[in-house]
Amino acid sequence: MDELGFHESYTFPDADLVLSSKNGTKFRVDSLILKRASGFFRGMLEMQRDPNEKHDEPIQMDEGEDLVKVMLDIIYPDRALAPSDITSFAFMHDLAVIFIEKYDVPAGVASLRSLYHDSRSPSLPPIKMFGLAERFGWIEEADVASSATLAVDLHATDSQAQLETLTAHSALQLLNLHRKRKLALLDDLKSICSIRIDWKYFVNHYSKCCWETVLESADWIVLLHAVSEELEMCSLGTKLSDPAFWNRPDISRLWQRPCSSGCSARLLNKDKFVKAVCNALDSLPKTTSTPILFHCMLSET
């Protein structure tokens with residue numbers, strides 16, 4: 001801010017309008033640029049003015065210096081929103097509200113939506129980012145954010161607090177995405193007629209009789225419980241690609257299980273089984289807009 005209280009980035013000498021932020025920082029700007037970019041300013045500046053009104057009187061803004069500055073950076077054609085300008089989710093939320101609900105700045109909306117797809121964007125909470133996208137009907141951005149929530153434990157205290165800030169519909173969409181991914185993989189592991197897993201790929205001796213015995217065994221139930229527990233904490237299933245998960249003592253008994261047909265071969269090929277499970281998990285839909293198929297759904301058709 002200079003000695004006259006103007007922001008150093010907005011002191012254009014030929015500008016004909018002064019904006020003043022909530023904390024008193026002033027911005028000297030061109031009214032024509034504001035009218036072209038903002039429906040709010042277009043309507044206000046095209047109104048008939050009182051002839052006794054001082055034309056150099058600053059227009060008082062309700063927003064702080066940082067918000068006004070970023071808004072002008074988007075409005076001015078030779079400037080742009082930088083990902084580093086977004087310092088928090090609250091800041092992004094406030095920008096979205098003023099661009100859409102207050103100042104009617106289409107370019108600002110487009111800039112914010114692009115942040116969902118920009119790898120340089122700051123790491124903002126995906127649950128809240130999903131809620132923001134849902135609120136304003138940004139379908140593609142909602143998909144990006146819902147996919148990012150798969151690495152988040154929705155039952156953690158912080159996640160629960162974030163879910164409470166969403167509408168009931170939005171929160172339910174995320175909870176259903178995580179829950180249905182878990183149930184779909186468990187569905188695949190409970191039936192030899194799986195949608196996403198080819199059991200013949202990892203079974204050394206494929207026999208329906210052998211597998212019916214395995215699927216009813218305590219060892220298999222322990223495995224299902226372990227997988228379910230992991231997906232409950234992380235729907236992405238990151239630990240399922242870690243060999244340490246499958247080498248747990250409570251699971252490793254499965255890899256020693258012999259074929260019940262009387263041959264000496266072990267029934268399961270562990271490496272192929274783990275690969276098949278990871279491939280099945282990766283093939284599951286990752287966004288709230290994509291339906292998830294279950295074995296029982298196909299059985300009913």
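Computed over heavy atoms, backbone and side chain alike; hydrogens, waters and symmetry mates excluded.
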Just so I know, are the side chains of Tyr10 and Val68 near enough to count as touching, which here means a heavy-atom distance under 4.5 Å? no

With a 4.5 Å limit on heavy-atom distance, are the side chains of Leu124 and Phe91 in contact? no

Are Val152 and Leu175 connected into the same hydrophobic cluster when the rule is that any two of I, L, V, M, F, W, Y join if their side-chain heavy atoms are below 4.5 Å apart? yes

Please tell me whether Ser21 and Asn23 have a donor and an acceptor in their side chains that are separated by less than 3.5 angstrom. yes

Rounding to 0.5 Å, atoms CG (Leu185) and CG (Asp282) come to a distance of 11.5 Å

Has Asn247 got a side-chain atom pairing as donor or acceptor with Pro243's backbone, closer than 3.5 angstrom? yes

Using a 4.5 Å cut-off on heavy atoms from C-beta on, say whether the side chain of Phe245 contacts that of Val274. no

Value for CG (Asp242) from CD (Glu230), rounded to nearest 0.5 Å, stands at 9.5 Å

Side chains of Val227 and Leu224: closer than 4.5 Å at any heavy-atom pair? no

Taking atom CZ of Arg79 and atom NZ of Lys69, what is their separation to the nearest 0.5 Å? 7.0 Å

One pair to check against side chain to side chain contact (heavy atoms under 4.5 Å, CB included): Met92 and Leu115. What are the steps and the verdict? CA-CA 10 Å; Met92 180 161 179; Leu115 291 176; 4.2 Å; yes

How about NZ on Lys239, more than 12 heavy atoms from neighbouring residues, nucleotides or ligands closer than 6.0 Å, or not? no

Can you name the closest pair of heavy atoms from Pro58 and Ser20 and give their distance? CB-CB, 3.9 Å

Do Ile100 and Val70 land in one hydrophobic cluster if side-chain heavy atoms of ILVMFWY residues count as linked below 4.5 Å? yes

I'd like to know if the side chain of Trp138 and the backbone of Val109 have a donor-acceptor N/O pair within less than 3.5 Å. no

Where the side chain of Trp220 meets the backbone of Leu189, is there a donor-acceptor pair that is under 3.5 Å apart? yes

Ignoring hydrogens and geometry, is there a side-chain-to-backbone donor-acceptor pair from Ser147 to Val144 under 3.5 Å? no

Hey, is CD1 on Ile139 packed in by over 12 heavy atoms from elsewhere, all under 6.0 Å? no

Any side-chain heavy-atom pair of Leu34 and Leu72 under 4.5 Å: yes

For Phe41, which residues count as a ring pair (Phe, Tyr, Trp, His ring centres under 6.0 Å) partner, sequence neighbours excluded? Tyr103

In terms of heavy-atom contacts, Val29 and Ala15 come closest through O-CB, 3.1 Å

Work out which heavy atom in Pro83 is nearest to a heavy atom in Arg120; give both atom names and the distance. CB-O, 3.5 Å

Going through the checks in order, is the side chain to side chain contact (heavy atoms under 4.5 Å, CB included) test met by Asp16 and Asp30? CA-CA 6 Å; Asp16 59 345; Asp30 192 314; 4.2 Å; yes

More than 12 heavy atoms of other residues, nucleotides or ligands under 6.0 Å from CD of Gln256: yes or no? yes

Measure across Ala96 and Phe136 and return the closest heavy-atom pair with its distance rounded to 0.1 Å. CB-CE1, 3.8 Å

Check: Leu95 and Leu67 side chains under 4.5 Å, non-hydrogen atoms: yes

Treating Arg181 as the side-chain partner and Pro285 as the backbone partner, does any N or O pair qualify as donor plus acceptor under 3.5 Å? yes

For residues Ile74 and Phe99, determine if any side-chain heavy atom of one lies less than 4.5 Å from a side-chain heavy atom of the other. yes

Heavy-atom nearest pair, Thr87 first then Ser84, reads CG2-O, 4.3 Å

Establish, yes or no, whether a centroid distance under 6.0 Å links the rings of Tyr76 and Phe12. yes

Smallest heavy-atom separation, Ile75 atom then Val105 atom, equals CG1-CG1, 4.0 Å

Keeping the roles fixed (side chain from Ser111, backbone from Ala107), state whether a donor-acceptor pair exists under 3.5 Å. yes

Any donor-acceptor pair under 3.5 Å from Ser170 side chain to Thr167 backbone: no

Do Leu236 and Leu154 belong together in a cluster built from hydrophobic side chains that touch within less than 4.5 Å? no

Working to the nearest 0.5 Å, report the span between CZ of Phe273 and CH2 of Trp255. 5.0 Å

Between atom CZ of Arg42 and atom OG of Ser31, what is the distance when rounded to the nearest 0.5 Å? 13.0 Å

Test your reading of the model: is there a side-chain donor-acceptor pair from Ser235 to the backbone of Leu231, 3.5 Å cut-off? no

Count I, L, V, M, F, W, Y as connected when their side-chain heavy atoms are under 4.5 Å apart, and connections chain through other members. Are Leu281 and Leu174 then in the same cluster? no

Please check this pair: side chain of Thr149 against backbone of Ile127, looking for a donor-acceptor N/O pair closer than 3.5 Å. no

Once salt bridge (Lys or Arg N to Asp or Glu O under 4.0 Å) is applied, what residue pairs with a partner in residues 94-113 remain, sequence neighbours excluded? Asp62-Lys102, Glu63-Lys102, Glu101-Arg135, Arg113-Glu141

Does Val222 share a hydrophobic cluster with Val277, counting links as ILVMFWY side-chain heavy atoms below 4.5 Å and allowing steps through other members? no

Are the side chains of Lys128 and His93 in touch, meaning some heavy atoms are under 4.5 Å apart? no

Quick one: pull up CG in Asp73 and CG in Asp78 and give me the separation to the nearest 0.5 Å. 9.5 Å

